[in-house]
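Atoms considered below: every heavy atom in the structure, side chains included; atoms not considered: hydrogens, waters and symmetry mates. This one's a predicted model, so the numbers in the text were calculated from it and none came from an experiment.
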Amino acid sequence: MAPLNKKLKIGIIGCGKIAIAHIDNYLQMPDCEIVAAADLIPEKAEKLLKNRFGLENIRYYSSDKELINNEKDLDAVSICTYNTQHASPAIYALNHGLNVLLEKPMCVTMDEAIEISRAEKLSGKILSHGFQPRFDNNMKLLKEIIDSGVLGKIYYIQTGGGRRDGIPTPFGTSYIEKKTAGIGALADIGCYSLDMVLNAIGYPKPLTVTGYKSAFFGTNPKYMPCKEYAEKFEVDDFAAAFIRLENDIILDFRISWAMNMDTTGDTIILGTDGGLRLPSTECWNGSIGGPMVLYQTINGEKTEKQIPLRENEKGNFYYKIRTFLDAIKNNSQSPVPTSQIIINQAIINAIVESSELGKEVTVEIPKI
């Protein structure tokens with residue numbers, strides 16, 4: 001852990017559901033303090049921080065710019081806004097010399113992703129992204145297995161998952177309207193699924209994508225909680241893609257908020273010397289559903305080795321916050337770097353583009 005001799009001053013931008021987890025975990029860190037919060041409805045922010053968490057002497061603002069312009073001693077901000085409002089406050093904060101923890105997905109468009117990356121590079125500050133599942137000890141174990149070389153050359157990956165019934169309407173319409181979400185299940189939980197396997201194999205660049213997305217459930221009044229929600233549903237509730245990666249790797253991907261199935265299948269990683277199976281979860285949440293199984297042929301004999309799961313001492317969100325603070329204090333590399341997450345975003349956007357065009361698209365990520 002980084003030295004605790006300085007308390008980092010933190011601002012919260014956006015005080016909706018995900019901000020609760022940020023605040024809760026910042027409060028577990030003795031070397032930081034939340035000093036300000038911004039929300040379109042400042043009273044909402046005050047209700048959250050004061051009534052729920054008992055925090056006094058917090059300064060409240062109605063916009064990210066107002067907060068950043070007035071808080072001269074800030075060290076960092078957590079951006080917990082709607083998906084479509086990720087880019088602007090991230091860029092503004094970086095341009096004003098602040099470190100940024102940006103919730104997932106990175107943004108909605110590749111133009112936004114490029115602008116965020118440029119702002120980060122010019123600022124010299126830490127920009128980390130909200131991909132807490134990669135701090136799970138079993139995600140680390142997955143990467144260790146791949147890095148060991150036991151599978152040989154990786155050539156095919158099947159991954160994804162989803163929910164049989166899990167459109168996030170209990171939280172209002174912010175996840176399902178284009179003006180706030182931009183993208184649906186594909187960005188909400190699909191980004192996690194992509195990160196799980198891409199991080200494990202070193203984030204090779206995507207070359208081409210053939211994508212598909214649909215919204216058969218979200219637009220159906222019989223399925224949704226009310227007719228109004230069905231009428232407002234403007235994003236995807238299911239997506240799939242065939243992705244060609246560098247190094248002759250094929251990624252077969254699918255993700256869902258709703259479907260007539262409990263899972264789209266286990267994650268399977270095939271290599272020339274072995275195969276690895278990661279059991280799916282009933283409701284995909286960025287974890288592994290059971291012990292991984294390693295398949296090999298040794299001296300002509302087919303073997304299957306079950307790899308026990310590792311326990312986690314603390315929650316993944318704790319480590320998302322802790323590693324971000326440590327990177328700031330030690331002036332070290334971002335724990336979830338933009339150089340990787342921009343690839344994640346490029347794939348998501350290519351799936352959307354391919355689906356809308358009805359054909360394969362080439363993925364191009366400019367050098368920042």
Would you check if the side chain of Thr180 reaches a backbone N or O of Ser174 as a donor-acceptor pair within less than 3.5 Å? yes
Step through the shown structure and confirm whether more than 12 heavy atoms of other residues, nucleotides or ligands are within 6.0 Å of CD on Gln28. yes
Taking the side chain as every heavy atom from C-beta outward, state whether Glu301 and Thr297 have any atom pair closer than 4.5 Å. no
Is the count of non-hydrogen atoms from other residues, nucleotides or ligands lying under 6.0 Å from Asn331 atom CG greater than 12? no
Answer yes or no: is there a donor N or O on one side and an acceptor on the other, between the side chain of Thr84 and the main chain of Lys179, under 3.5 Å? yes
Going through the distances and angles, do Asp266 and Arg277 end up as a salt bridge (Lys or Arg N to Asp or Glu O under 4.0 Å)? CA-CA 7 Å; Asp266 295 342; Arg277 180 187 298 275; 3.3 Å; yes
With a cut-off of 6.0 Å (strictly less than), are more than 12 heavy atoms of other residues, nucleotides or ligands near CG of Asp248? no
salt_bridge(Glu33, Lys9) N-O dist < 4.0 Å: yes
Is it the case that more than 12 heavy atoms not belonging to Ile20 sit under 6.0 Å from its CD1 atom? yes
Greater than 12 external heavy atoms within 6.0 Å of Glu360's CD: yes
Checking Lys302 against Tyr295: charged group under 6.0 Å from the ring centre and within 45 degrees of the axis? no
Side chains of Leu294 and Leu151 in contact at under 4.5 Å (non-hydrogen atoms): yes
Side-chain donor-acceptor pair present, Asp136, Tyr319, cut-off under 3.5 Å: no
Test side chain to side chain donor-acceptor pair (under 3.5 Å), reference Trp257, set Asp236, Asp188, Asp165, output is Asp188
Answer yes or no: does atom CZ of Phe216 have more than 12 heavy-atom neighbours from other residues, nucleotides or ligands under 6.0 Å? no
Asp273 and Lys153: CA distance, side-chain angles, deciding distance, salt bridge (Lys or Arg N to Asp or Glu O under 4.0 Å) verdict: CA-CA 7 Å; Asp273 296 331; Lys153 173 186 160 37; over 6 Å; no
What one should report as the nearest heavy-atom pair of Phe324 and Leu101 is CZ-N, 3.5 Å
Under the rule for side-chain hydrogen bond (donor to acceptor under 3.5 Å, both in side chains), what residues qualify as partners of His22, not counting sequence neighbours? Ser78, Glu103
May I have the step-by-step check of salt bridge (Lys or Arg N to Asp or Glu O under 4.0 Å) for Arg310 and Glu144, ending in yes or no? CA-CA 13 Å; Arg310 293 176 174 175; Glu144 289 173 15; 2.8 Å; yes
Do the charged groups of Asp31 and Lys6 touch, with an N to O distance under 4.0 Å? no
Under 3.5 Å: donor-acceptor pair, side chain of Ser256, backbone of Gly162: no
Can you run down the side-chain hydrogen bond (donor to acceptor under 3.5 Å, both in side chains) pairs that involve residues 345-354, sequence neighbours left out, and say none if there aren't any? Gln345-Asn349
Of the non-hydrogen atoms in Leu245 and Pro206, which two are nearest, and what is the gap between them? CD2-CA, 3.8 Å
